[in-house]
Amino acid sequence: MSRVLLVSSAVIASFLSFVLHVALNSPISPLPLPLPTSYLAPNNLLQKVEKLGEGRLVGPEDVVASRDGMLYTATRDGWIRRMHPNGSWEGWVMIGGDAVLGMTEAKDGTLIVCDVDKGLLKVGDEGVTILASVADDGSPIRFADDAIEASDGTVYFSDASNKFGLHDWFLDVLEARPHGRLLKYDPSTRKTSVIISGLGFANGVALSADQDYLVVCETWRFRCLKYWLKGELEGKSEVFIDGLPGGPDNINLAPDGSFWIALLELRSGGLNLIHGSALAKRAMAAFPELLKFVRPVKRRAMAVNVAADGTIRRALDDSDGSVMSFVTSALEFEGHLYLGSLGTDFIGKIPL
Ligand SMILES: *[C@@H]1O[C@H](CO)[C@@H](O)[C@H](O)[C@H]1NC(C)=O
């Protein structure tokens, strides 16, 4: 056997064993992901934000403006922190862990909070109560992500993925199989029912101004659904907006009845090819070190204002993430937009 033949058989053999390793060791069993073609023309308006609490807020994912004029956020060091109207910050309640995401103010002035690891929580001055960690069909709530309380006290919330946890959320995107759900917590029975299953990473949840429908966002489907709560379509869902130029994260109702949606950049030249190939995604998930190099989500920030008819009216971005990156929430309050992020150590604030 010639030396060339010997070397090439060795190369082929190692390649095959590599492929076998990938196939056997990958934590995902992916499907190719169709990507939208829409893009935002960069305006870098988010590079002009004022930085609230800079240096003290590690990854403030969501922002709540309460009726008493406080700004609340959960940070990766286990705290729910708040800013007084005079601008001073304090650690309010220690939750522990690093996994509190979406929060909303309840009618009684407490916060309803999604903790990926613990479930749906109620947090007040008197402490923390777990409202739900299992749905009434017995399925665990594995990734509580965002919540909203209706005026009758019902809490609607998302369970992003029943397969992957917070630190592996990008594997859910790569796998591109729907593991997300929309859940409903009834305070009178304390039961949690599943309203919609099969969502593509169920993320932000918001109620319309009249509370006749809610909107739930599906991150890797680049769309948000409308779920009717009243009227002849009650219990039915339809597409609210699709083909978004980024993966929708949290959504908040604006005072004029429109919605602000934070978008994650899930595409890039190299990543687009990977999204289209199940084998490439399987390989990438088997070697998590590779993910570091392609996560474009860390290098861009985007937020869009979407009218109640599902059309984009306004967009703000930081196209290279030089000031704000990985924006996960956008909240309009008293003429300003407040931006939460898993990639910054501050909350961005910008006049509208
Ligand atoms: C801001 O208000 C809080 C609550 O009333 C108070 O504890 C704090 O001392 C105030 N800070 C400043 C700098 O005025």
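We count residues from 1, following the sequence as given. Start at 1 and go down the list; that is how both ligands and their atoms are numbered. Since the structure is predicted, the reported quantities are computational estimates derived from the model, not experimental observations.
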Student: Take atom 2 (O) of ligand 1 and look for protein heavy atoms under 4.0 Å from it; say yes if you find one, no if not.
Tutor: yes

Student: Charged N to carboxylate O under 4.0 angstrom, E105 versus R67?
Tutor: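 Yes, E105 and R67 are salt-bridged.
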
Student: Do side-chain atoms of N43 reach the backbone of D317 as a donor and acceptor pair under 3.5 angstrom?
Tutor: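 Checking the backbone N and O of D317 against the side chain of N43, a donor-acceptor pair under 3.5 Å is found.
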
Student: Are R82 and D68 within salt-bridge range, i.e. N to O under 4.0 Å?
Tutor: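 Salt bridge: no.
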
Student: Give a yes or no on whether atom 9 (O) of ligand 1 lies under 4.0 Å from any heavy atom of the protein.
Tutor: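 Not a single protein heavy atom is under 4.0 Å away.
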
Student: Which residue and atom name correspond to the protein heavy atom nearest atom 12 (C) of ligand 1, and how close is it?
Tutor: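 Closest protein heavy atom to atom 12 (C) of ligand 1: N86 ND2, 3.3 Å.
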
Student: Can you report which non-hydrogen protein atom sits closest to atom 4 (C) of ligand 1, along with the distance?
Tutor: H84 ND1, 3.4 Å

Student: In terms of relative ring orientation, are F164 and H179 parallel, tilted or perpendicular, with 30° and 60° separating the classes?
Tutor: perpendicular

